[in-house]
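I have placed the structure first, in the form of structure tokens, so that the comments after it can refer back to it.
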Amino acid sequence: YSISDLSASVDALGAFLEAAARNDFIMSAATKGSDTTASSSTSPDDWGLVGGQAYSLLSMGSHPDTKRPIVRLRNPWSKREWDGECSDTDPMWKDPEKRRSVADSMGIKPDELIPSEDGCFVMPLKEFCAHFRNISICVPHVPCSKKAPWHELRRRCSFSLHEKRQ
């Protein structure tokens with residue numbers, strides 16, 4: 001899904017992502033900007049995010065003070081994390097009750113929210129929508145039924161690598 005194509009509100013998007021996370025769907029999101037991994041310039045933006053980078057979308061929860069939706073993501077490089085509200089440096093993580101509240105809302109252990117250089121970070125959903133452009137969701141195969149009307153389509157294909165001739 002392209003975030004800009006979604007006509008739903010941030011709260012509706014949050015509910016959708018929360019349901020996907022609750023059902024253990026595999027999710028990822030890409031930041032806005034250009035992929036700079038092929039160049040020597042891989043510097044993060046002013047908020048610590050890398051342009052054109054794919055991040056794992058791990059879970060959804062709610063902010064302990066505002067009750068607004070928050071997301072937990074992971075940079076696969078295990079470096080360069082979000083540096084805004086709810087980041088590892090946010091004072092709220094020093095409060096064990098707030099940390100426990102967020103962990104409970106995400107279905108994880110409070111220890112998993114302790115700031116570290118593991119590439120995992122939390123950010124408000126509103127900020128997520130401002131900095132990310134695409135969401136990919138992998139729905140595991142489920143039998144078709146009235147409750148889950150998923151349909152499967154498979155295509156057989158192959159790829160080959162052709163070396164560039166000089």
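We're numbering straight along the sequence, starting at 1. Hydrogens, waters and symmetry mates play no part in the numbers below; they use all other heavy atoms, side chains included.
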(message) Would you say Leu58 ends up clustered with Leu17 if hydrophobic residues are merged whenever their side chains have heavy atoms under 4.5 Å apart, either directly or through other cluster members?
(response) no
All N/O donor-acceptor pairs, side-chain side in residues 104-112, below 3.5 Å, sequence neighbours left out:
residue, atom, partner, partner atom, Å
Ser105, OG, Ser62, N, 3.0
Ser105, OG, Val102, O, 2.8
Glu112, OE2, Lys109, N, 3.2

(request) Output the distance between atom CZ (Arg99) and atom OG (Ser101), rounded to the nearest 0.5 Å. (result) 12.0 Å
Show me, pair by pair, the donor-acceptor contacts under 3.5 angstrom made by side chains of residues 19-28, not counting sequence neighbours?
residue, atom, partner, partner atom, Å
Asn23, ND2, Ala19, O, 2.8

(request) Supply the atom-to-atom distance Leu113 CG to Cys86 SG, rounded to the nearest 0.5 angstrom. (result) 10.5 Å
(message) Can you tell me how far apart CG (Leu13) and NZ (Lys126) are? Round to the nearest 0.5 Å.
(response) 14.0 Å
(message) Using a 3.5 Å distance criterion without hydrogens, assess whether the side chain of Thr31 forms a donor-acceptor pair with backbone atoms of Gln53.
(response) yes
(request) Report yes or no: does Trp93 contribute a side-chain atom to a donor-acceptor pair with the main-chain N or O of Lys98 at less than 3.5 Å? (result) no
(request) Kindly indicate whether the side chain of Pro69, heavy atoms from C-beta on, has any atom under 4.5 Å from the side chain of Met60. (result) yes
(message) Does any part of the side chain of Trp82, heavy atoms only, come nearer than 4.5 Å to the side chain of His131, both counted from C-beta?
(response) yes
(request) Look up atom CG in Asp90 and atom CD in Glu85, then write down how far apart they are to the nearest 0.5 Å. (result) 6.5 Å
(message) If you compare all heavy atoms of Pro124 against all heavy atoms of Ile70, which two are closest, and at what distance to 0.1 Å?
(response) CA-CG2, 3.8 Å
(request) Would you mind checking if Arg74 and Asp118 are paired as a salt bridge, meaning a charged N to carboxylate O distance below 4.0 Å? (result) no
(request) Using the test ring pair (Phe, Tyr, Trp, His ring centres under 6.0 Å), find all partners of Tyr55 that sit at least two apart in sequence or belong to another chain. (result) Phe121, Phe132
(message) Rounded at 0.5 Å granularity, tell me how far CZ in Arg133 sits from NZ in Lys32.
(response) 10.0 Å
(message) Check for me, please, whether Ile137 and Val71 land in the same ILVMFWY cluster - side-chain distances under 4.5 Å, paths through other members count.
(response) yes
(request) Measure the spacing between NZ of Lys94 and CE of Met92 and express it to the nearest 0.5 Å. (result) 13.0 Å
